[in-house]
Amino acid sequence: MISLNTLRTKFGVILSVVIGIALLAFILSLKTEMGFTGQDPKVGEIAGEKINYSEYYNEYEQIKAQSGIQETDEQQSAMLANAVWQSLVAKHLFEPAFEKMGLQFTDAERLALLSGEQFSQTLYNAFADPATGEYNVAAVSQFLAESESNPQAAAAWQQLIEQLGLESSMQKFYGLVKGGVYVNALEVAQGQKAQNETRSGKWVVKRYNSVPDSLFEVSSSEIKAYYNANKNAYKQLPNRQLQYVVFEVTPTEEDLAALEQEVTMVGEEFAAAEDVRAFTRENRNGSIAEAYVTADQLTSDEAEALMAGKMYGPVLRNNEWSMARVLDTKMVPDSLGIRHIVLPYTEVALADSLMTALKGGADFAEAAAQHSVFAQTAQLGGEVGVMPFAAFTGEFAEVLATAKTGDIVKIASGDAIQLMQVYRADKPSKHIRVASITYPVLASSATRRTAHSTAGTFTVNAKEGFEEAASAAAITPRTATLVQGDRTIRGLEDSREVARWAYGAKVGDVSEIFSVGDDYVIATVTAIDDAEYRAVESVASQIRMELMRDKKFEYLKTQMVAPTIEEVATAVEAEVADYTDAAFGAYYLSGPGLEPALIGAIASTTEKDVVSAPVKGLNGVYVFTVNEIVDSAAQTAEAEKVRAQATAESIITQSALQAVQEMGEIKDERGLYF
């Protein structure tokens, strides 16, 4: 019977069908730490509706409870945060929009999905039988029965049905959009021709950088006119510009000497220790390897010492002092061939029954296919393959160390019981388990205090002028852009707190001292831009380049007109080169490179040995001839129709979803709080 815990485990996959998974690591502590004192601040806006802190927090609580997700690092936290936000977008934007469109999730449809009559990825992910890979209707009924007396199961079921409804509406929406896509006969014919025809010929280029910019003038009025004509190209999200300085904390010569002295002393004690395990565990930098290794898995220096029973180190390697001793030695097979049957930890009676049957001669592969819950190997008769002994740890290493070919053993580990058959055991060799102590080369507390004090002095001086303080401290400020929705500063690891501060700061504010990795960071906000479009001043240089290219094209094209391509080359002091396999669908042409306008012009040319009109490329002005057109006839009209239809449907569904989100005018202001 499927349990609530099982559904929690699978629910992370269910959520990914539409919205992904849950939220960031430290959100639980924010509600009290940030001192809202009864207020409910806005963290965003979707389709004109305010998203308050409490709604966001409650959504997090619900998704985390249903999925069982545990945040472990910043990357996963960011994924989880995005998933909760997408869940809110679905509730406030997609669901109301679907309702207005008349997209309903009927009782009949729900029953058809639950019964398996119609396929649902959401239900399949939750209730597929791991042994067979098939949708298990009985498991649905069992869980539904459990939800009648279990409030948690009932809540999980309600969430599942909501996800099912959203999935259904999404599919109907996509179906409506796809239904409006039609590839006509002309498009098919053009597409077939583009797929089948390739061209070869000659080309000449006069590059823009060969013409001095000083020959042309781009006025501010031209820049403004271009900006107004192409304004949509400069749409942006709200953003803020930052400057920050990094005070790197590196160990001094005194730190290095003190660390070496400490390591030497510990090394002497480690070498003399009679109880290696206890000494290693008592040292904060000590660790005991999980697996046994051979000499081949060690460096030559390590193998030479440890295989002879001697201590290795202390040795400074890769910015780390390390030392090691052998904790245990075993003569075990280099490799083992393994089959296994995986059972839930509650199935003790079944495990014992199977052990008796297997030792009595029952077929292991048949038993694995019938009883193992690990589908990946069950369908292979339990086959795991040949593995080095070093791959086994803990209970597995202890039990398999003495196993021989033909042995069947039972190992209980974690939440599973495994019955393992050894069908191959290679020649034994010496394996060792190692206890090691490592000391990373880090700055001392005194050095860190000195760096922090220097950073503190900078903070005081920066109040009067950030760049002046940086110049006085002989530090070069770095710049960054924080766009709405960003959780970290690009190029600065572990910078979540810096970004969070920046969202709440004003222009000219100087931050506190942040610990970022091993270093200290101080930042200031230099600009805040909440406008819908980038300011013309910020894109003026980019526009100037575009206009300069246009002027150079007009200048050069008059020089690149002649009866033959060789004469064109002579006129502009260039060389004639060959090209081959130019096709309409190509992104790159050997020689010219990435030049879509040139490729399009070549592919649309029908006459041979005719000098083309000048083509305005990305890097220069091109003239070409087509000398040969080859039609492979490989793409049929029917195949092209299928390809073009699929491509059009894919593009339109993505564009439609993006358009709906843009219409929702989503404002993501979570960065200030989270």
Side-chain angles (χ1 to χ4, degrees), residues 7 10-22 44-51 55-56 58-60 62-63 66-67 82-128 135 137 140 143-144 147 154-183 642 644-668:
L7 187 59
K10 294 186 176 183
F11 212 80
V13 183
I14 297 170
L15 296 178
S16 68
V17 175
V18 181
I19 61 168
I21 29 186
E45 191 172 312
I46 302 172
E49 295 185 36
K50 293 180 180 179
I51 307 301
E55 181 180 0
Y56 187 77
N58 291 336
E59 186 73 11
Y60 154 74
Q62 184 179 35
I63 290 179
Q66 298 299 341
S67 66
N82 181 63
V84 171
W85 185 247
Q86 290 303 316
S87 175
L88 292 169
V89 170
K91 289 182 177 181
H92 288 271
L93 178 60
F94 292 133
E95 290 178 1
F98 293 155
E99 186 176 352
K100 289 181 180 179
M101 294 171 66
L103 302 181
Q104 299 179 352
F105 184 47
T106 65
D107 292 340
E109 184 181 1
R110 184 175 70 250
L111 290 174
L113 292 168
L114 291 172
S115 67
E117 180 182 342
Q118 295 180 19
F119 176 79
S120 164
Q121 189 66 52
T122 295
L123 290 172
Y124 179 83
N125 288 335
F127 297 108
Y135 176 62
V137 179
V140 179
F143 190 82
L144 185 57
S147 69
W157 180 259
Q158 181 60 35
Q159 183 74 5
L160 181 66
I161 295 301
E162 290 176 4
Q163 290 298 320
L164 196 60
L166 184 57
E167 177 192 8
S168 172
S169 297
M170 280 286 189
Q171 290 175 347
K172 291 173 183 175
F173 172 69
Y174 287 144
L176 286 171
V177 173
K178 289 179 181 179
V181 177
Y182 175 72
V183 178
V642 172
Q645 182 73 24
T647 301
E649 288 180 358
S650 175
I651 293 172
I652 197 66
T653 51
Q654 293 179 29
S655 300
L657 195 63
Q658 181 179 354
V660 172
Q661 294 193 64
E662 288 179 357
M663 290 168 62
E665 297 182 346
I666 298 170
K667 297 179 181 179
D668 184 355

Would the distance check show the side chain of [X] and the main-chain N or O of [Y] forming a donor-acceptor pair, the cut-off being under 3.5 Å?
{"X": "Q645", "Y": "V181", "result": "yes"}
{"X": "S168", "Y": "L164", "result": "no"}
{"X": "Y56", "Y": "W85", "result": "no"}
{"X": "S655", "Y": "I652", "result": "no"}
{"X": "S650", "Y": "A646", "result": "no"}

Problem - side chain to side chain contact (heavy atoms under 4.5 Å, CB included) against F119, all qualifying residues, sequence neighbours excluded - result: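 So F119 forms a side chain to side chain contact (heavy atoms under 4.5 Å, CB included) with Q121, Y124.
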When rounded to the nearest 0.5 angstrom, what distance separates [atom1] in [X] from [atom2] in [Y]?
{"X": "L160", "Y": "L144", "atom1": "CG", "atom2": "CG", "value": "10.0 Å"}
{"X": "L123", "Y": "Q118", "atom1": "CG", "atom2": "CD", "value": "11.0 Å"}
{"X": "S87", "Y": "E162", "atom1": "OG", "atom2": "CD", "value": "8.5 Å"}
{"X": "T653", "Y": "L176", "atom1": "OG1", "atom2": "CG", "value": "12.5 Å"}
{"X": "H92", "Y": "K50", "atom1": "NE2", "atom2": "NZ", "value": "13.5 Å"}

Problem - Ionic contact status for K91 with E55, cut-off 4.0 Å - result: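 Between K91 and E55 there is no salt bridge, as every charged N stays at least 4.0 Å from the carboxylate O atoms.
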Problem - K667 NZ: over 12 foreign heavy atoms closer than 6.0 Å - result: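 Not more than 12 within 6.0 Å, no.
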Practice task
Check the pair E167 / T122 against side chain to side chain donor-acceptor pair (under 3.5 Å), numbers first and verdict last.
Solution key: CA-CA 8 Å; E167 177 192 8; T122 295; 2.8 Å; yes
Under 4.5 Å between any side-chain heavy atoms of [X] and [Y], yes or no?
{"X": "W157", "Y": "V140", "value": "yes"}
{"X": "L657", "Y": "Y174", "value": "yes"}
{"X": "F127", "Y": "F143", "value": "yes"}

Donor-acceptor pairs are to be reported for all side-chain atoms of residues 96-104 against protein atoms at under 3.5 Å, with residues two or more places apart or in another chain.
none

